[in-house]
Amino acid sequence: MVTAPARIAAAHPFRPFETALDEDRARAILRHAVAGAEDGELFLERRHSESLVLDDGRIRSAGFDAAEGFGLRAVRGAVIGYAHSTHLDEVSLRRAAETARLAVGAGGGQMAEPPVGTNRRLYTDADPILDAPFATKIATLRAIDDFVRAEDPRVVQVTASLAASLQEVVILRPEGRVFSDTRPMVRLNISVILEKDGRRESGSAGGGGRVGLAGLLEPAHWQGVAREALRIAGVNLQAEPAPAGVMDVVLGPGWPGILLHEAVGHGLEGDFNRKETSAFAGLMGKRIAAPGVTVVDDGTLPDRRGSISIDDEGTASSRTVLIEDGMLVGYMQDRQNARLMGVEATGNGRRESYAHAPMPRMTNTIMEAGDAHPAALVAEMKDGIYAVGFGGGQVDITNGKFVFSCTEAYRVKNGQIGAPVKGATLIGDGPTALQHIRGIGNDMALDPGMGTCGKAGQWVPVGVGQPSLLIGGLTVGGVA
């Protein structure tokens with residue numbers, strides 16, 4: 001449970017230079033750490049989060065977590081010195097500075113220009129945990145359980161979860177500038193299992209974003225989520241074994257953009273291309289996708305899960321065009337890789353927490369809409385799969401090869417959507433899939449706000465979006 005002291009602490013803004021450290025002394029220590037380096041900063045963070053899970057009418061877990069600390073970084077060339085601590089005091093800061101300074105060596109570097117600040121706010125700075133009493137949250141989860149069971153007598157299990165957090169960051173630069181951001185996050189998820197004639201199938205739905213929690217607690221919202229979870233489970237109860245072979249695939253709008261994120265997005269991050277380990281390395285200015293394909297990474301969308309007012313280096317987020325009409329025109333960059341590649345940072349320097357150094361990461365990665373009607377894309381298929389929902393997947397960044405499992409998919413024959421299929425996996429590689437896009441729908445949609453991206457052991461919230469897409473020649477794994 002959330003204790004009263006934790007709630008009181010959470011209600012006060014994070015002001016580390018008023019409560020824990022002297023700003024002038026901290027700046028002097030930072031300057032010593034980065035003397036002769038090309039970049040560096042002191043990143044301070046406070047984060048607290050609450051999570052509740054109800055499983056079959058009982059609270060399975062209820063937790064509150066609070067953490068704070070700092071990370072100090074010194075950068076020279078491609079080398080990073082990084083040290084962090086949970087103690088916001090001068091002794092710990094001095095120790096961290098000496099450790100980070102080892103990366104500077106003999107020095108000789110020239111400090112890069114600082115990030116350009118912004119007064120833009122993309123989301124509220126209110127603490128979503130305080131939006132409703134603890135008892136109200138519990139009552140909402142119980143109401144969800146009751147509602148789902150009343151909606152469908154086939155329900156045998158209901159799991160509902162609520163999560164809310166607030167991350168507060170302060171970034172001190174060696175030249176004296178201070179950047180700050182306060183980032184809320186909420187999410188509601190509902191999973192159900194239906195049983196009919198001895199067969200059980202599941203369905204899940206949910207989402208959220210950088211908004212308050214109150215909207216997710218409204219019956220008008222969570223009832224829609226519950227009905228969607230029931231719908232997906234009902235579809236899966238009717239599903240037939242998926243076919244196997246090379247065939248055309250239409251991806252639905254919104255969340256299926258996770259395939260774009262994994263199979264293409266990671267390959268367009270600056271570090272992989274600077275090191276030439278990406279399948280897209282060395283292809284700037286060349287055609288890498290079918291005409292009409294435009295892909296952007298946009299961290300400036302208000303209230304979205306992947307949005308950030310500033311990144312974790314202080315750079316304002318931006319709308320970065322990656323692919324324009326099929327041509328590779330940009331990469332996502334943090335400050336270090338941008339400097340080493342001779343380009344501008346794009347506001348994509350992100351880190352999981354103060355215990356991690358930043359790296360180029362996606363925010364909201366989106367393929368823009370085309371002009372085709374979605375039904376026309378399906379009508380074009382002679383024999384294929386219409387994939388609406390995705391689960392887990394694996395991608396090899398060096399060649400873009402991917403394997404994704406479908407959570408909701410349908411067989412298509414002669415342009416007609418037929419029975420749902422179960423066990424379908426999509427197999428291919430990002431570069432080839434981009435070239436084989438034959439139709440782009442006019443129905444671009446964003447995901448409901450449920451993505452979390454992993455890279456090098458760090459996890460950050462992200463968003464995806466796309467219109468319906470017709471892709472030719474993907475391998476579908478199923479039952480031969």
Side-chain angles (χ1 to χ4, degrees), residues 8-48 66-77 79-121 125 166-183 308-316 334-336 339 345 347 349-358:
I8 292 171
H12 291 83
F14 183 47
R15 300 287 186 266
F17 296 127
E18 297 176 7
T19 61
L21 293 167
D22 179 86
E23 183 176 336
D24 292 335
R25 294 173 70 87
R27 185 179 297 107
I29 294 170
L30 174 61
R31 285 175 175 169
H32 165 72
V34 301
E38 295 165 352
D39 207 355
E41 75 283 311
L42 176 63
F43 180 90
L44 305 107
E45 176 191 19
R46 182 175 74 176
R47 185 195 302 255
H48 53 274
E68 67 177 28
F70 72 83
L72 192 152
R73 182 177 67 147
V75 182
R76 182 168 179 260
V79 180
I80 297 174
Y82 197 77
H84 62 90
S85 175
T86 59
H87 300 288
L88 296 182
D89 58 57
E90 188 172 324
V91 172
S92 299
L93 186 58
R94 289 187 180 278
R95 289 175 178 170
E98 293 304 320
T99 300
R101 178 155 184 81
L102 294 175
V104 180
Q110 181 175 356
M111 184 60 60
E113 290 294 316
V116 177
T118 178
N119 292 321
R120 178 185 58 196
R121 293 291 305 161
D125 59 2
L166 189 73
Q167 179 195 28
E168 300 163 276
V169 303
V170 175
I171 304 168
L172 176 64
R173 292 279 312 169
E175 73 285 342
R177 300 199 65 178
V178 178
F179 302 88
S180 63
D181 197 15
T182 301
R183 304 164 178 167
I308 43 177
S309 296
I310 59 171
D311 72 4
D312 294 323
E313 300 177 302
T315 306
D334 64 350
R335 286 173 57 83
Q336 180 190 32
R339 185 173 61 258
R350 306 186 67 189
R351 63 182 99 197
E352 180 178 330
S353 75
Y354 67 85
H356 305 85

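FYI, side chains are in, hydrogens and waters are out, and symmetry mates aren't considered; it's all heavy atoms of this structure.
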Contact between [X] and [Y] at the side-chain level, heavy atoms closer than 4.5 Å - yes or no?
{"X": "R339", "Y": "E113", "result": "no"}
{"X": "F14", "Y": "T182", "result": "no"}
{"X": "L42", "Y": "L93", "result": "yes"}
{"X": "I171", "Y": "E313", "result": "no"}
{"X": "V75", "Y": "R335", "result": "no"}

Q) If you look only at pairs with a residue in residues 98-107, which of them pass as a side chain to side chain donor-acceptor pair (under 3.5 Å), with sequence neighbours excluded? A)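 Qualifying pairs, neighbours excluded: H32-E98.
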
Minimum-distance pair of heavy atoms, taken over all atoms of [X] and [Y]:
{"X": "L30", "Y": "P174", "value": "CD2-N, 3.6 Å"}
{"X": "P114", "Y": "R173", "value": "CA-NH2, 3.9 Å"}
{"X": "A35", "Y": "V104", "value": "O-CG1, 3.3 Å"}
{"X": "P358", "Y": "G349", "value": "CB-C, 4.2 Å"}
{"X": "D39", "Y": "M111", "value": "CA-SD, 3.4 Å"}
{"X": "A316", "Y": "T118", "value": "CB-CG2, 3.7 Å"}

Kindly compute the distance separating [atom1] ([X]) from [atom2] ([Y]), expressed to the nearest 0.5 Å.
{"X": "H356", "Y": "R350", "atom1": "NE2", "atom2": "CZ", "result": "13.5 Å"}
{"X": "R177", "Y": "R27", "atom1": "CZ", "atom2": "CZ", "result": "12.0 Å"}
{"X": "T86", "Y": "F70", "atom1": "OG1", "atom2": "CZ", "result": "9.0 Å"}
{"X": "S92", "Y": "I29", "atom1": "OG", "atom2": "CD1", "result": "10.0 Å"}
{"X": "D311", "Y": "D334", "atom1": "CG", "atom2": "CG", "result": "8.0 Å"}
{"X": "E175", "Y": "R31", "atom1": "CD", "atom2": "CZ", "result": "8.0 Å"}

Would you find a donor on one side and an acceptor on the other, under 3.5 Å apart, between the side chain of [X] and the backbone of [Y]?
{"X": "E38", "Y": "G77", "value": "yes"}
{"X": "E168", "Y": "D181", "value": "no"}
{"X": "E45", "Y": "Y354", "value": "yes"}
{"X": "T19", "Y": "R15", "value": "yes"}

Q: For the pair R183 and D312, find out whether any cationic side-chain nitrogen is under 4.0 Å from an anionic carboxylate oxygen.
A: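 Looking at R183 and D312, the cut-off is met.
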
Q) When you look at CZ of R120, are more than 12 heavy atoms from neighbouring residues, nucleotides or ligands closer to it than 6.0 Å? A) yes

Q) Any chance CZ of R95 has more than 12 other-residue heavy atoms, nucleotides or ligands included, within less than 6.0 Å? A)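 Atom CZ in R95 is not crowded, with 12 or fewer foreign heavy atoms closer than 6.0 Å.
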
